[in-house]
Each structure stands twice: as structure tokens, then as C-alpha cells.
Amino acid sequence: MALATYDLGIIGGGPAGYVAAIRATQLGGRVLLVERESIGGTCLNRGCIPTKTLLESGQLFRQVAKAAEFGIALPGTASVDFPAVMARKQAVVQRLVQSVTDLLLAHRVEIVSGEASLLSPQRLLVRSNDGATLEIQCRNVLLATGSDCADPALPGCDGEGVLDSRAVLSLQRLPESMVVIGASVVGMELASIFNLLGTRVTVLGRRSFLQAVDQQLARRARALFARRGMKIETGLELRGIERLENGMMRVGYTMAGREHFADGSVVLIATGRRPLTDGLGLAEAGIATERGFVRTDRFMRTSVPGVFAAGDVTGGAMLAHVAAHEGAAAAENALGGARALDYSLVPNCVFTYPEIASVGLDEASAKAQGADIAVSRFPFSANGRALTMGEEEGLVRMVYEKGSGRILGVHIMGPHASELIAEGQVAIRSGLTVSDLAELMHQHPTLSEAIMEAAQAATFGEAIHYRHV
Ligand code: FAD
């Protein structure tokens, strides 16, 4: 047993925890970080980074298939070497985990590999992975334990051949076919990856398709994914999963009162996340929770003074950039600051192919707030750069206030939508109007001109390079 005093003791080394650790040391704090698995958490090890690495392989495979169209002759037919795809994914993950670990050490963050729980609001019990037990005194504690895949409580969901988003990232062989249960962001990103790599994909969603996305774009995306060979069914009731004699997996569901089945070599469950709080000692420490998630205010303070929480464990948007900002704010506040989080402009990206990204209000929520709005559009099929790339699917939709022209929301489906959305975010944050963006010279030929042209469509009644007929 050892005792030491830290300004901040952090449980969990994902984006919330490790960013908090760095920020706290920047402010002069002495910081201990306890991580039981791997630095980087879900994001680096089994979320954002591995999925986007696989997506790049899938997109490259699709690009190679179009090589002849681009005037490039290849000696044979391209194929997917799945073990090599997974090895590259793992190499990228390991490189990032190592560089974040090095960064933490360079900031003199003390890292313990092990599991922590609260003995009291200012004392942590740490069982290190090498068997030692430590009691650690901290002036402040940050709970950044994240989330894990939720159990859908579906008969047969724990059998062989049923994977969650963690297990699917360790597959050894590319499945010939896959049934994805869940038509929201994680489900659709993984469906898109495997569809690109050549797996026959069926998506089953209980509710609507990509609920978190502007529904006009979601409808277009759904049609596009269907054209690319995905079968997508939503508005259904799942019955259960069984393994057939031939080794195939079968998912039973009812839709419009009729019974249906979807078969696949594997079933992927992507139906949501649960907070990781088991054994943390929250109840004993008097920390309030809501539906299992740790309750915080906008300063990331929990119900107990000196204990902060950030990231997925608080049950907010469950995005890495949200977790990182919450972690940084929690660190600042633990060390005497008073930074409140502003959630009004959280960018939301769906890394499918093509990508979908949005920020601010969509048409429905703007109307629900009583705003008098209009929506302008510009398609990538009329954007020079998109055509050079052979990526003309998708469009920009801009929601703005009639009269003032103030931009309220930007929604993009198309190439590099997740990069382009930053312009919308800055525009809304700066209170820009559609005419401000319409008059701002954008570099040519670029995808960002589609944003300018959507603003021009709103300002001039019509874009320069597109005529609505
Ligand atoms: P986590 O990253 O989950 O980290 C929590 C850490 O705490 C874990 O490492 C865990 O081992 C550790 N821990 C838990 N309990 C203890 C304990 N008692 N003691 C010690 N350590 C403990 N978000 C995006 O913004 N963009 C994306 O593209 C994206 N893609 C995703 C793809 C998938 C498949 C998934 C599942 C998620 C994705 N996310 C994405 C979400 C993103 O990964 C999470 O929002 C983010 O990782 C949350 O960060 P966190 O620090 O709160 O928690």
C-alpha cells in the first residue's frame, strides 16, 4: 500500500481521461491516470481509429475497382487481403496508443495499469495489473470510465457467430455475409465498411434509419446504400438469433405484422452503449446517476464536491471530441477554473461512404423552435473538384433564418463531409449570414465551394453552377 497526494486522480485513459491528464499538467497539476486496458480507450483501440482505418481500406478497394475509369491499367483483379487489412488497422492503433502514452509521460502524468474504484471522494483504491493494491489520495477525482456495448436482450445474442463492435474489429476472416442489427451511426459505419470490402450486408433497425442525421440526407443515404448492395430494413421487431445447421446465422424479425428472416455468416450487434461504472463505488460515495450514467452539470461536476466526470460515462453525445472537451474542462475546473461546456454546436459525423456530417439545427428542429427558416442546397454533382475525384454523390443543405439570413445549420453528405463541416461550425459560431459566406472567396477547385454555392443559392435565389429545373 502506498499513499501520495495528487491534484487530480483520473480513472480511465480514453479521450476524456487522457486529455484531462494533459490539460491538468499544463496547468501545473500533479496527475495520476489509471487505465485497466489500453491508453486511448474505446476511441483509439476499438472505436474511431480502427473503424476509420478499415474504412480507408474499403474506400481504396473501391477506388482501385474504378482504376480503368481513371485511365489506370492494373495487371490483375484487385482483391481484399483481409488479414493484411486488419494488420494495418492494428499497426495504426498501436502507433497512436504509443504516441499518446509517450505524450502523457512527457507531461509527467503518472500512469498506473490497473483498475480503480472510489474508496471515498478523495481516495482511490487501485488494483494494478501486476497484482499490487494501492490506496491513493487525490484532491480531485475524474471519472472517465467510458462505455461498452450494450446487451440488446435478444434471444440468442450471446451465441457463437454473434459479434459486437469490439469483436468485429478482431475478425480473422472477411465474412461472406453479415446481418447488422442497428441502423444508427455505429451500425451503419460498420455496415458501410464491410459492404465496401465485399461482404453481403443486411441491416435491421428497430426504429428509423440514421435517426441522428438530417432526415432528408438520411433518405438519400439509404437509397444510395441500397444501390450499393446493402439490404436495409427498419421499423421492425426483432425476435431472436439462431444458428442454422449449415453454420449460418439467422435473425428472425417481424415487420408490418409478418415474420421475416435475415441470414448471414455472422451477426453484428450495434444497438447502443452502456456506461462502465460496475464496481466503481459510485453509490457508496453518494454520486448521483441517471439511467446508470453519472450525472454532471455543465462544469463536469458530479453531485459530490471534488469528483468530476467526463465523456461517455456521463451519457451525453458519446463522441470522442465531446469526451475530450469535457475532460479538458473538468481538468481546468478541478484546478480552480470555471469553464462551462457549450453543447450547441457539436459536430456530428457518420463515417459511411459517402460521409454525412452536420452541425447546428436541422430543418425539423429549427421549425420546432419556432424559427422562420429556409433551406438552400447545392449538389456535389455540380462541383468541379467532386467530379475530378469521381465522387459526385451527395449535397450540402444549409438551414438559415429568413430575413436575417443567419446560418442555423449545415448538413453535408458527400466526399470529406467530416472535414468540410468545420466551415459550417465556424460560420454558425461567428453568427455569419448566407450572404457573408456567399461573398467569401473560396479556393477553386475545391469541395468547399459547394458550401459557398449553397450560401449563394440562398442569397441570389440560385447558385452560380447549378440551376434547379
Ligand atoms: P472510453 O474511450 O471508453 O475510455 C474509457 C476508458 O476507461 C477505457 O479505456 C476503459 O478501459 C477505462 N476504464 C473503465 N473502467 C475503469 C476502471 N474501473 N479502472 C481503470 N480504467 C477503467 N466517436 C467519434 O467522435 N468519432 C468516431 O468516428 C467514433 N467512432 C466510433 C466507432 C465505434 C465502433 C465505437 C464503439 C465508438 C465510436 N466513437 C466515435 C465513440 C468514441 O469512441 C467514444 O465517444 C469515446 O471513446 C469516449 O471516450 P471516453 O474517454 O469517455 O471513454
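Whatever order the structure lists ligands and atoms in, that order sets their numbers, starting from 1. Position 1 is the first residue of the sequence; numbering continues from there. Note that this is a predicted model, so its numbers are computed, not measured.
Here is the list of ligand 1 atoms found below 4.0 Å of a heavy atom in Ala144: 5 (C), 6 (C), 7 (O). Each of the atoms 28 (O) of ligand 1 lies under 4.0 Å from some heavy atom of Phe351. Annotation for ligand 1: atoms under 4.0 Å from non-hydrogen atoms of Gly114 are 19 (N), 20 (C). Residue Ala16 has at least one heavy-atom neighbour below 4.0 Å for each of these atoms of ligand 1: 51 (O), 52 (O). Taking every non-hydrogen atom of Ala116 and a distance limit under 4.0 Å, the qualifying atoms of ligand 1 come out as 17 (C), 18 (N), 19 (N), 20 (C). Near Lys52, meaning under 4.0 Å from any of its heavy atoms, are these atoms of ligand 1: 27 (C), 28 (O), 29 (C), 30 (N). Interface of Val34 with ligand 1, defined as ligand atoms under 4.0 Å from a residue heavy atom, comprises 20 (C), 21 (N). Heavy-atom proximity to Ile11, at under 4.0 Å, picks out these atoms of ligand 1: 17 (C), 18 (N), 19 (N), 20 (C).
Under 3.5 Å, the side chains of Asp312 and Ser147 contain a donor-acceptor pair of N or O atoms. Checked by atom type, the side-chain pair Arg23/Gln26 shows a donor-acceptor distance below 3.5 Å. Between the side chains of Glu326 and Tyr343, at least one donor-acceptor pair of N or O atoms lies under 3.5 Å. In summary, the side chains of Thr352 and Glu189 do not present any donor paired with an acceptor at a separation below 3.5 Å, with no hydrogens or angles considered. Of the N and O atoms on the side chains of Tyr6 and Glu110, at least one donor lies less than 3.5 Å from an acceptor on the other residue. Of the N and O atoms on the side chains of Ser38 and Asn45, at least one donor lies less than 3.5 Å from an acceptor on the other residue. For the residue pair Thr234 and Arg222, a side-chain donor N or O sits within less than 3.5 Å of a side-chain acceptor on the partner.
A donor-acceptor pair under 3.5 Å is formed between the side chain of Thr101 and the backbone N or O of Val97. For the pair His325 (side chain) and Ala320 (backbone), a donor-acceptor distance under 3.5 Å is absent. The closest donor-acceptor contact from the side chain of Asp164 to the backbone of Cys149 lies at 3.5 Å or more, if one exists at all.
Among protein heavy atoms, atom 2 (O) of ligand 1 sits closest to Thr42 N, 2.8 Å. Closest to atom 22 (C) of ligand 1, if we only count protein heavy atoms, is Arg36 CG, 3.8 Å. Nearest non-hydrogen protein atom to atom 7 (O) of ligand 1 is Gly12 CA, 3.2 Å. For atom 14 (C) of ligand 1, the nearest non-hydrogen atom of the protein is Thr145 O, 3.3 Å. With hydrogens left out, the protein atom closest to atom 6 (C) of ligand 1 is Glu35 OE1, 3.4 Å, a heavy atom. Ranking the protein heavy atoms by distance from atom 40 (C) of ligand 1 puts Cys48 SG, 3.2 Å first. Among protein heavy atoms, atom 33 (C) of ligand 1 sits closest to Gly47 CA, 3.4 Å. In this structure, the protein non-hydrogen atom closest to atom 4 (O) of ligand 1 is Gly14 CA, 3.4 Å.
Between the choices Gly40, Pro15, Ala309, Gly311, the shortest heavy-atom distance to atom 49 (O) of ligand 1 belongs to Pro15.
Taking 4.0 Å as the cut-off, Ala317 does not count as a neighbour of ligand 1 on heavy-atom distance. Under a 4.0 angstrom heavy-atom cut-off, Arg273 registers as being in contact with ligand 1.
Considering both main-chain and side-chain atoms, Ala320 comes within under 3.5 Å of ligand 1 through a nitrogen or oxygen pair. Looking at Asp312 next to ligand 1, an N or O pair under 3.5 Å apart turns up. Between Ala323 and ligand 1, not a single N/O pair is under 3.5 Å apart. Checked by distance only, ligand 1 and Cys43 come closer than 3.5 Å through their nitrogen or oxygen atoms.
Neither the backbone nor the side chain of Arg166 comes within contact range of ligand 1; no heavy atom lies under 4.0 Å. Here Ser147 has backbone heavy atoms under 4.0 Å from ligand 1, and that is the only part of it that gets that close. Of all the heavy atoms of Leu319, the ones lying under 4.0 Å from any atom of ligand 1 are found in both the backbone and the side chain.
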**OP:** Just do the side chain to side chain donor-acceptor pair (under 3.5 Å) check on Ser265 and Ser177 with the steps written out, would you?
**Re:** CA-CA 5 Å; Ser265 330; Ser177 52; 3.1 Å; yes
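Put simply, CZ on Phe351 and CD on Glu56 are 10.0 Å apart, with the number rounded to the nearest 0.5 Å. To the nearest 0.5 angstrom, Met413 atom CE is 12.0 Å from Arg219 atom CZ.
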Output a table of donor-acceptor pairs, distance under 3.5 Å, between side-chain atoms of residues 190-209 and any protein atom two or more places apart or on a different chain; print 'none' if there are none.
| unit_1 | atom_1 | unit_2 | atom_2 | d |
| --- | --- | --- | --- | --- |
| Ser192 | OG | Tyr353 | N | 3.0 |
| Asn195 | ND2 | Arg228 | O | 3.0 |
| Thr199 | OG1 | Pro175 | O | 2.7 |

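Looking at heavy atoms from C-beta onward, Val346 lies in side-chain contact with Leu319 at the 4.5 angstrom threshold.
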